[in-house]
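To keep things clear, I will list the structure first and then write my remarks on it.
One-based numbering, in listed order, for ligands and for the atoms of each. Please read these numbers as outputs of a predicted model, since none were measured by experiment.
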Amino acid sequence: MAEIKLHLQNLYSNLSILAKKAGGKEKIIAVLKDNAYGHGLDIFARKTADFGIIHAITRDAKEALEIAPFFADIIVLSEHKENFFTHPNIIFAINEFSALKSVPRGAKIALKIDSGMHRNGLNPEEFDAALSAIKQSGVILHSVFTHYRAADEIGSCFFWQRENWRAVKERIIELAKKYGINKPFFHSCNSAALLRCGEFDEDFARVGIAMYGYCDLPEAFGHFDLKPVLELFAKRISTRELKKGWRVGYGGVYEADKNMVSSLYDVGYSDGILRYNGQGELKTTNGSLILGRVSMDSMSINSSEEKISIFNDARVWAKHFDTISYDVLVKLNAKIPRFFV
Ligand SMILES: *Cc1c(COP(=O)(O)O)cnc(C)c1O
């Protein structure tokens with residue numbers, strides 16, 4: 001089977017850069033949703049905690065419970081309201097006003113605010129009623145947060161949304177006073193927003209992709225020495241000689257332009273790599289050509305190495321498929337063995 005090597009030095013180097021920018025390890029919330037962006041939830045959580053990260057984010061409560069022993073607190077981003085529960089270090093994001101009714105007394109919440117992305121979150125008109133309801137129901141307001149729609153793009157949009165967010169924070173602080181609620185923490189920045197903002201002045205930054213070693217900010221925002229953590233390997237199943245003119249694999253899309261070696265490797269689209277259809281050139285880490293269409297469980301490569309690195313930089317595949325590194329990473333099948341080196 002394929003295997004995934006996770007480069008610990010790269011992870012720690014990325015985390016050091018991010019912690020420095022945020023003003024301390026305790027300001028970083030490690031975003032570990034969706035199997036830690038395909039890196040493997042459990043092992044990745046342990047290593048980030050070993051580094052000194054104390055806050056995390058997951059997508060659902062199941063993921064949060066799995067890593068609860070490693071962190072001081074974990075925010076669950078998109079659990080359904082029927083599944084809310086009380087737990088000493090699990091915090092449920094509230095993505096709409098009506099979800100507040102479903103929070104049990106004593107449970108911890110993080111209130112999501114719509115500051116311009118219009119995907120989810122409470123609107124300013126709902127703030128007063130929300131804080132009043134929180135006070136009355138004995139729910140613990142851990143934090144108030146928002147998400148930027150264009151943190152990684154040049155333009156005025158980010159500044160416009162930051163202004164909206166500034167007003168939100170002032171209003172929430174006023175209302176917390178009015179209802180006698182402890183001042184909540186505030187957080188708004190993802191990786192791109194943290195890296196591009198001048199002075200970071202919030203309680204936390206929610207860092208995902210940059211911790212894994214990627215940031216696709218335009219050059220104008222500066223250079224950040226992030227290093228990809230994940231490297232995907234495949235093992236050789238068989239090797240053969242291709243004669244000039246032979247065609248390889250489904251549809252015979254690749255035609256050998258000379259006699260050459262071809263080996264079949266044990267990774268395919270069932271393992272979560274995107275299905276290369278043989279159009280355009282796609283190469284492995286060491287520059288070996290992938291020959292023709294990727295099959296379900298295998299692919300042909302112009303190589304005879306026992307073990308081959310398919311990629312150590314997801315941007316190569318992201319670029320080929322006109323998508324983003326997140327998309328390449330997060331799809332990697334959870335069954336693939338993962339280990340740190
Ligand atoms: C996924 C996510 C993040 C992390 O974003 P990156 O771009 O990977 O840093 C932060 N906040 C929220 C709400 C998210 O859903």
Shortest protein contact, atom 11 (N) of ligand 1 (heavy atom only):
Arg206 NE, 2.8 Å

Lys62 with Asp60: basic N within carboxylate O range, under 4.0 Å:
no

Is there a side-chain contact between Asn35 and Leu332, using heavy atoms and a 4.5 Å cut-off?
no

Assess the pair Phe85 and Phe92: is the distance between their ring centroids shorter than 6.0 Å?
yes

Please check whether Ser191 reaches ligand 1 - meaning an N/O of the residue sits under 3.5 Å from an N/O of the ligand, judged on distance alone.
yes

Please report the interatomic distance CZ(Phe44) to CZ(Arg338), rounded to the nearest 0.5 Å.
11.0 Å

Show which atoms of ligand 1 fall inside a sub-4.0 Å distance from at least one heavy-atom site of Tyr326.
6 (P), 7 (O), 8 (O)

Does Ile57 approach ligand 1 within less than 4.0 angstrom via side chain, backbone, both or neither, non-hydrogen atoms only?
neither

Is any N or O atom of Val31, backbone or side chain, closer than 3.5 Å to an N or O atom of ligand 1?
no

Between His142 and Phe185, is the ring centre distance below 6.0 Å?
yes

Which atoms of ligand 1 are found less than 4.0 Å from any heavy atom of Tyr37?
1 (C), 4 (C), 5 (O), 6 (P), 8 (O)

Are Thr48 and Ile28 side-chain neighbours, meaning at least one heavy-atom pair lies under 4.5 Å?
no

Take the angle between the ring planes of His320 and Tyr276 and call it parallel below 30°, perpendicular above 60°, tilted in between.
perpendicular

Output the list of atoms in ligand 1 that are nearer than 4.0 Å to some heavy atom of Ile209, sorted by atom number.
6 (P), 7 (O), 8 (O), 9 (O)

Can you confirm, on distance only, whether ligand 1 has an N/O atom lying under 3.5 Å from any N/O atom belonging to Ala192?
no

Looking only at protein heavy atoms, what sits closest to atom 14 (C) of ligand 1 is Lys33 NZ, 2.9 Å

